[in-house]
Amino acid sequence: MVITASSGVGTGAALALPPHVQLKVEDLQTYFIQGASTVKSVDGVSFSLSRGQTLAVVGESGSGKSVTSLTIMRLLAHPGRIVGGRVLYRLRGGDVVDLAQLPEKRMRAIRGREIAMIFQEPMTSLNPLFTVGDQIMEMILLHESVSRDEARVRAKRMLELVEIPAPERRLDQYPHEMSGGMRQRVMIALALSCNPSLLIADEPTTALDVTIQAQILDLLRRLQKEIGMSILFITHNLGVVAEIAHEVVVMYAGRVVEQGLVLNVFERPRHPYTRGLLACIPDVRRDRTEGGGRRLLNAIPGNVPSALDLPTGCAFAPRCPLVVDRCRELPPLIPVSEDHLSRCWRYDDL
Amino acid sequence: MAVTSSPAIAGRPGLVSLVFQRKSLLIGLVVLGAITVFAVLAPLIAPYAPNRLSVVNRLQPPSGRWWFGTDEFGRDIFSRTIYAGQLSLLVGAAATLLAAAIGITLGLVAGFFRKADGIVARIIDAMMAFPDILLAISLVAALGPSLATVIVALGIVYAPRLARIVRASTLIIRELPYIEAARALGVPTWRIMLRHVLRNLVSPILVQATFIFAYAMLAEASLSFLGVGVSPEVPTWGTMIAAGRQYVGSADWMTLFPGIAIVLAVLSLQLVGDGLRDLLDPRLRKDL
């Protein structure tokens, strides 16, 4: 992972990316401005995603992880605005564009074709009034000039790709005739039907039960290997991160608090928030051996601060067990080791 | 449902059998169909020309010779009733189509574009605040009475009803995850509006349209009754009832039969509307 510690971005005429990089977000700032109040949902987020790799963005509700993905797709709802930063993306042809600046018309050609997205709710992300085949064919016909027959053949092949049995019959079924896991497979087939280079998965397994969740993660991993796409995986579940991601960005109150290779971050988290999140994952063995009858789950005390009223300095300070006076001053992202950044003054004490 | 195939895939019943399973829809379609056939084939079915005068046979009660009786000029009520169906159905259908065209466009635009919503919603509210008939009368008065005027006036009067329903539903559907998903997959806005949103509104629109069809026929009858609709010589159910009003005590068949025609037409439209709503929803269809 190429880590840019802070904003300092040159403004060269031609945009460029290192050859292995698919997406590079630089100091992205997305604010929701309504009258006099401003919510800084995404405040100076930077990361880069290599081709064929998976980057997970982790955080609680309101941390800005979903807004980050919607910003990249330029699907922000009304008061949301990109205030600063760049979203450099490598098109299929090799050209690099800044998605934050692209006109809506060009953006539309990129959505679905270059960048596809799957959502949390497989139950409601498909239109109930059209058959699954219709919806996949619509995608293909929209972005490519092929005949209806050819689109249908492709749609069937997509269902095979996501391991849906009897694809020919499934094509003519409506979403309500399928289970949640099946619908998420259809969503994935829909998203991948035009061979996107980047798949944004916004909590795609959250609404599914654990066995189906594992199947979907397996499927995504296999498809990534076969197709070679990059995946930006939005989740609040660190267990899922460990399974699928190569790199992880931990967000808190709109800012990145820690980022690095999954191995490094899980091995030795360098931010108290990440450490707290990891401690929140229940472990049956540990919980049983440690002190007999303990039943309580770990939790980080307190709540995410209101986005309208962030504390000055480190936003995590009010909940932090390691808080010191210096935390009233916002720490930068500090390189703590190779490919590992932490926004904590006391990273060395962790 | 497991990953293996499921029994839900088993064949779906065809459209015809679905219609036959819904008694009220079937009855509605049969009655409406019969009215339409009578109206369209009136020149073949009618025993007399609708305007053939026969003063000697004026105000005859229903009999083997004049099935529905005759009016004050000796014209055959049966012939006039089925001829009148032509105009009444035409006015109803044309006004409904016009109302749909205006109402759906306004509703979609208002529901989709925040900026347009304020203006369009106010106009809709203002129009709804007017009594239907009063608005229609003033429009007809402004445009001058004729068949086309009546159609245009009724189309404008009933457009806000559809616009309001389309707007409200669009506001809901616009926020559904599959609309966001469609956007994320690069579907252009106009296509989302027409294919994804409008397609979802087909059943409320159809149901409302059948009601508007019925209201428009009634309103045309009212306008004709009040003398601001089509000219009195042209037989419509409204003009016939208006003409029979003076003779309600002595020759009630003059108002009775066109009245029954209106009731049957309106009732059958309502049955069809309700039946179609159920039929068009794939989730309800499954439960049959």
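All of these numbers come straight from a predicted model, not from anything done at the bench. Just so you know, these numbers use all the heavy atoms, side chains as well, and skip hydrogens, waters and symmetry mates. Note on naming: letters A, B, ... go to the chains in the order of the sequence lines (proteins, then strands), and numbering restarts at 1 for each one.
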Pairs of heavy atoms under 4.5 Å with chain B: top-ranked of A:Q135, A:E121, A:H143: A:H143

Please list, in residue-number order, every residue in residues 98-109 of chain A that has a heavy atom less than 4.5 Å from any heavy atom of chain B; write 'none' if there are none. A:R108

If you apply the rule side chain to side chain donor-acceptor pair (under 3.5 Å), what do you find for A:E138 with B:H196, and how did you get there? CA-CA 11 Å; A:E138 179 188 19; B:H196 293 271; 3.1 Å; yes

Taking non-hydrogen atoms and a cut-off under 4.5 angstrom, which of residues 167-184 of chain B neighbour chain A? B:P177, B:Y178, B:E180, B:A181, B:R183, B:A184

Nearest 0.5 Å please: distance from the CG atom of B:L201 over to the CG atom of A:L129. 9.5 Å

Counting only heavy atoms from other residues, nucleotides and ligands, does the tally under 6.0 Å from CG of B:L41 exceed 12? yes

Tell me, for A:M139 versus chain B, whether the close heavy atoms (under 4.5 Å) come from the side chain, the backbone, both or neither. side chain

Non-hydrogen atoms of B:L185 and A:A116 that approach each other most closely: CD2-CB, 4.4 Å

Non-hydrogen atoms of A:L142 and B:V187 that approach each other most closely: CD2-CA, 3.5 Å

Which residues in residues 67-78 of chain A have any heavy atom closer than 4.5 Å to a heavy atom of chain B? A:L70, A:M73, A:L75, A:H78

Distance from A:F130 atom CZ to B:R195 atom CZ, nearest 0.5 Å? 4.0 Å

Does anything in residues 205-214 of chain B reach chain A? List residues with heavy atoms under 4.5 Å apart, or say none. none

Step through the shown structure and confirm whether more than 12 heavy atoms of other residues, nucleotides or ligands are within 6.0 Å of CZ on A:R222. yes

Heavy-atom proximity to chain B below 4.5 Å, by part of A:D134: both

